[in-house]
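Notes follow once the structure below has been shown.
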Amino acid sequence: MQVVGKIQVVAPGKAADLPQVMAALERWADGKFSTSEDGAAIIQRSGATAMTDRRDDQVGDQRCASFDVLEPVRTGELLTAARVLATEADLYFNCTLSLGVEGGLAPPSIDLFTPRFVREIIALDIDWRASIEGEHLLSTFARIAEADVEMFLALLQSPQRRLPLILVSELDGKTLAGDLHSRLASDVCGLAHVCRIDQAAAWAVTERLDREWSCYNGAVRLFWPFRGNQERPRNHPLWTRDRLTARGDDEVEARDRLRQDLRRRLLDASTFVADDQAFRRFVRLRDAPAVRSAETASSEDLVARIAQLEATLEARDAEISTLNDNLAALNVALRSQSTADEPAGEEPPPATVLEALAIARRRWGGSILFGDAVDDQAAALSSEAGPPEKVLRYLDVLAELAATRAAGALGGTVPTWLKDRGSMPRSSPRRSATAVTP
């Protein structure tokens, strides 16, 4: 099976809280499954049969509990494997999602979500962190006002930050569809931090970091942890409000498409995180008695046992190598499949009308001619004139008009064409830009 998602957190010094985590898993199982007459687990929502396996091991002061669920999905089978480990001091939690596809290897085509029990576990009164030295986790979104900017920047720029950070900015006091921030926080709990930032705070961040790092006027930005070349702003995807709303018939559709994009990105990235060594150390401790028992056997039996184990390990190494190659190929296929629909690195939205004109010149040089006085007129405008993004969108439509006319495919008058695209101005301002048609 192909690993398609992994959530991994730790609570330093909280080993005694293991029962809370186990209780959350039990509540989830009780709500998800019922038991048939023959003892099989039945998924209550779909009526399908699932395979479940529970195990509880203890070695000295350490205890590890596991809960695996194999259930049918549209394209094959989904394995959800949860592990909770309490060492002498610390508490570890790991949830891995794996997909088995019918009919051979193929990119997973189902839309995966963070399991509900993960959100419930992270919401417990336990100080979960991304790693022993990593940052604190939240089960919901964080509000960022102007007074919180320093705290936000400390998290954003921290070299200890392990998880991505999604920044959702407000426009007129609201996020996209009114609830994008809260739905994202639920979608990616344990995979990323989600922050809702108001307009004043967004501008304060822009002033502190420079406009290339900005996120305001309803935009959304994904900040990866700062590692290596990730300190370059172009490596942190930005979705402007205009780009988002253009991807759906309404804000709800645009919101849900972005949620799906971000879930896929973050689940894909999570598969490359190595499992915490604490789980491997526990398995070695648990299996040590069997090893000692083998050592007391006769030398002839021991040699045979070693040969058998070596053969098993060799076969597993070959299988792991093949699976890793397949996984790499599938990740490439997934990325190539999705890049056509994902704005992976948009430039920051214009902050003024003058900047909107400069961006339009770079994009459409030769397609749009600007009057000599247009820059002086734009510079004389108030900094709040616009909004600049709408000015840029009108200029983009004007360039599209030029290309359509050049191809002879206008199919009517210019006002009708503009009205069909929702770009007809309410009044007729003094002409300052002209579409060029060969």
Please step through side chain to side chain contact (heavy atoms under 4.5 Å, CB included) for the pair I126 and V21, ending with a clear verdict. CA-CA 10 Å; I126 299 175; V21 181; 4.1 Å; yes
Does the pair Y92 and Q277 meet the rule for a side chain to side chain contact (heavy atoms under 4.5 Å, CB included), with working shown? CA-CA 10 Å; Y92 297 84; Q277 290 293 323; over 6 Å; no
Run L222 and L266 through side chain to side chain contact (heavy atoms under 4.5 Å, CB included) and show every step you take. CA-CA 10 Å; L222 172 60; L266 296 174; 4.2 Å; yes
CA sep, side-chain torsions, deciding dist, call: L25, I121, side chain to side chain contact (heavy atoms under 4.5 Å, CB included): CA-CA 8 Å; L25 278 171; I121 288 172; 4.2 Å; yes
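Taking the side chain as every heavy atom from C-beta outward, F93 and I122 never approach each other to under 4.5 Å. With a 4.5 Å cut-off on side-chain heavy atoms, T80 and C95 count as touching. Side-chain atoms of L209 and Q157, non-hydrogen and from C-beta on, do get closer than 4.5 Å to each other. Looking at W28 and F67, their side chains come closer than 4.5 Å, going by heavy atoms from C-beta outward. Counting heavy atoms from C-beta on, the side chains of V9 and V118 never come closer than 4.5 Å. Two residues are said to be in side-chain contact when any heavy atoms from C-beta on lie closer than 4.5 Å; K6 and T271 fail this criterion. With a 4.5 Å cut-off on side-chain heavy atoms, V220 and L167 do not count as touching. A heavy-atom distance below 4.5 Å is found between the side chains of F33 and I43.
For the pair R27 and F117, the NZ or CZ position fails the cation-pi test of under 6.0 Å to the six-membered ring centre and within 45 degrees of the ring normal.
Ring geometry for F223 against W213 counts as parallel: the plane angle stays under 30°, on a 0 to 90° scale with 60° as the upper cut.
When all heavy atoms of V3 and S98 are compared, the closest pair comes out as CG2-OG, 3.7 Å. The nearest pair of heavy atoms linking R255 to A177 is CD-CB, 3.8 Å. Here the closest heavy-atom approach between residue I132 and residue P12 is recorded as CD1-CG, 4.1 Å. Nearest approach of A50 to V69, heavy atoms of both residues: CB-CG1, 4.4 Å. Of all non-hydrogen atoms in E212 and R221, the two that sit nearest each other are O-NH1, 2.9 Å. Closest non-hydrogen pair, A130 versus R162, comes out as CB-CB, 3.7 Å.
In the model, S66 has no side-chain atom that pairs as donor or acceptor with a side-chain atom of D68 under 3.5 Å.
Here the CG-CZ distance, from L155 to R161, works out to 6.0 Å after rounding to the nearest 0.5 Å. For the atom pair L91 CG and R63 CZ, the distance stands at 11.0 Å (nearest 0.5 Å). The distance from the CH2 atom of W239 to the CG atom of L258 is 6.0 Å, given to the nearest 0.5 Å. From S186, atom OG reaches atom CG of D179 across 11.0 Å, with rounding to the nearest 0.5 Å. To the nearest 0.5 Å, the span separating OG on S131 from CD on Q160 amounts to 8.5 Å. Remark: L176 CG to R183 CZ distance equals 11.5 Å, nearest 0.5 Å.
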Please list, one pair per line, the donor and acceptor atoms closer than 3.5 Å that link side chains of residues 189-206 to other protein atoms, with sequence neighbours excluded.
| residue | atom | partner | partner atom | Å |
| --- | --- | --- | --- | --- |
| H193 | NE2 | E135 | OE2 | 2.8 |
| R196 | NE | E170 | OE2 | 2.7 |
| R196 | NH1 | H181 | NE2 | 3.1 |
| R196 | NH2 | E170 | OE2 | 3.2 |
| R196 | NH2 | G173 | O | 3.0 |
| D198 | OD1 | A200 | N | 3.3 |
| D198 | OD1 | A201 | N | 2.8 |
| Q199 | NE2 | N217 | OD1 | 2.6 |
| T206 | OG1 | A202 | O | 3.0 |

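Taking the charged nitrogens against the carboxylate oxygens, D57 and R55 do have a contact shorter than 4.0 Å, which makes a salt bridge. Residues E71 and R45 are not paired through a salt bridge, judged by the lack of any N-O separation under 4.0 Å between the basic side chain and the carboxylate. Between R83 and D276 there is no salt bridge, since no side-chain N of the basic residue sits under 4.0 Å from a carboxylate O of the acidic one.
For D249, the CG atom is loosely surrounded, since the number of other residues' heavy atoms within 6.0 Å does not exceed 12. A 6.0 Å sphere centred on CD of E133 holds no more than 12 heavy atoms belonging to other residues, nucleotides or ligands. Counted within 6.0 Å of CG on D172, heavy atoms from surrounding residues, nucleotides or ligands total 12 or fewer; the atom is thus considered open.
Between the side chain of R257 and the main chain of R247, a donor-acceptor pair closer than 3.5 Å is present. Here the side chain of R263 pairs no donor or acceptor atom with the backbone of F113 at under 3.5 angstrom. The backbone N or O of A219 lies less than 3.5 Å from a partner atom in the side chain of S169, making a donor-acceptor pair. Looking only at distances, a side-chain donor or acceptor of Q8 sits under 3.5 Å from a matching main-chain atom of A274.
R259 pairs by the salt bridge (charged side-chain N to carboxylate O under 4.0 Å, His left out) definition with D187, D256, not counting sequence neighbours.
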